[in-house]
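Taking it in order: structure first as structure tokens, then the write-up.
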Amino acid sequence: MDDLFTGRVAVVGLGYIGLPTAVALATRGIDVVGVDVNEDTVKAVANGEVPFVEPDLAVGVSGAVGIGRLTATTTMPEADAFIIAVPTPFLDDRTADLAYVHAATVSVAAKLRGGELVVLESTSPPGTTEQVSRWIAELRPDLRLPHATDGVPDVFVAHCPERVLPGRIMIEMITNDRVVGGITRRCAQKAASLYRVFAQGKILETDAASAEMAKLVENAYRDVNIAFANELSLISEHLKLDVWEVIRLANHHPRVNILSPGPGVGGHCIAVDPWFIVGAAPGLARLIRTAREVNDSKPHHVAEQVVAKTSRFRNPTVVCLGLAFKANVDDMRESPAVEVVAAIADALPDLDLRVAEPYTDALPRALHGRPNIRLQSANEALDDADIVVLLVDHDQFRSISRSRLEGKVVYDTRGVWR
Ligand SMILES: NC(=O)c1ccc[n+]([C@@H]2O[C@H](COP(=O)([O-])OP(=O)(O)OC[C@H]3O[C@@H](n4cnc5c(N)ncnc54)[C@H](O)[C@@H]3O)[C@@H](O)[C@H]2O)c1
């Protein structure tokens, strides 16, 4: 086992993952330089502020900056370890867009002197960490990279995927077990010595591609299981059965634990990462692809059902509750609820459509340009509602009393009011 890492760390990408990682290291005595291409982000962090919402992060950032352990810059510094935590979205053909990882690697490569550790934290298809090593080798022929040498390399390269839950990042970053995959064993050991500085969970050392794949598999597992529940909801609806009752009964089997159906799957992890597996083995990832398709089709099905319900009324008011991608967060990225609302508005451009979302005071960009959609408080919107569609099980909506729903057509995609 390597000793605990000492030295200076550059965290590249100060988003939901990079900034908490920087804080975790800085508060344990490591000198951390946060690097981001976004000047506003850098300014905010340098002032001890957080440019987005995540519980407990603000106090961590102001504390780390206050004691002088965390600084922020747009210029890549020299450092002993580099942690790359930049976005990895997918392209139109659903393959991974590695442009951000490449750009970050290029700026890191320019600063290497020999002896450094480079860790890719971004969720990536198998082989990306080795690709990082190859990119560095091309840019820096003066250095020996681990994919190309049996001996001790000049630079150590590893992957350490992140599995924190938004809303609990500051807790889970410390307590979760972590997978650390090296291009070589030595690389994994080096990276483990860095994460051991703050991680209290187990550190599981493996090879880089297995670590990359394990992260994708975790999210594909969730996606496939949610797709099973969503498919059951479609079948139950067709058979005029209550899916929640069916699942409740089935889950009494000692080895059955079916998840909850919903209006689809959102967020930028579960709805994205399984495609990286499909991209890596298109002919083999049949179940994973189908699960994605089932979950992606659910918002359109929900919208069709709502549109069908409006035919019973002359000029109905439809109220959709929730826009976030899941309960009790403000994140609307890849949100199925937003898709449902957009699809209803597209199908019925003259419909009186009200939306309640307690975590925002503005409609997301995807809903701009549709004048028939109005953002209101749930309370206000329910007064006029003929049809109520529950899309997100925020606590605020769970507490709506049944009497408020009396006489209205209710379509509950989350099984909250059964
Ligand atoms: N957010 C999560 O809950 C979560 C969980 C697990 C894994 N991940 C993965 O972690 C990675 C980062 O995700 P995130 O949510 O932190 O993204 P984010 O969009 O919140 O932050 C990424 C940051 O990187 C910066 N950036 C982009 N290119 C850069 C470059 N060349 N140099 C320096 N900075 C650059 C951006 O300006 C941004 O501030 C992704 O691969 C994501 O899939 C995220």
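One-based numbering, in listed order, for ligands and for the atoms of each. Values reported hereafter were calculated over all heavy atoms of this structure, with side chains retained and with hydrogens, waters and symmetry mates removed.
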Does the pair Asn379 and Ser377 meet the rule for a side-chain hydrogen bond (donor to acceptor under 3.5 Å, both in side chains), with working shown?
-> CA-CA 5 Å; Asn379 217 3; Ser377 73; 5.9 Å; no
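For Asn251, there are no side-chain hydrogen bond (donor to acceptor under 3.5 Å, both in side chains) partners at least two apart in sequence or on another chain.
Listed by first then second residue, pairs satisfying ring-ring contact (aromatic ring centres under 6.0 Å, His included) with a partner in residues 4-35 read Tyr16-Phe52, not counting sequence neighbours. Evaluation of the ring-ring contact (aromatic ring centres under 6.0 Å, His included) test over residues 160-190, restricted to residues two or more places apart or in two chains, returns none.
Side-chain contact between Glu205 and Gln189: present, with at least one pair of heavy atoms (C-beta onward) separated by less than 4.5 Å.
Listed by chain and number, Val12, Gly13, Leu14, Gly15, Tyr16, Ile17, Val35, Asp36, Val37, Asn38, Ala85, Val86, Pro87, Thr88, Tyr100, Ala103, Ala104, Ser122, Thr123, Glu162, Pro166, Lys215, His268, Cys269 each place a non-hydrogen atom less than 4.0 angstrom from ligand 1.
In Lys408, the NZ atom is crowded: over 12 heavy atoms of neighbouring residues, nucleotides or ligands sit closer than 6.0 Å.
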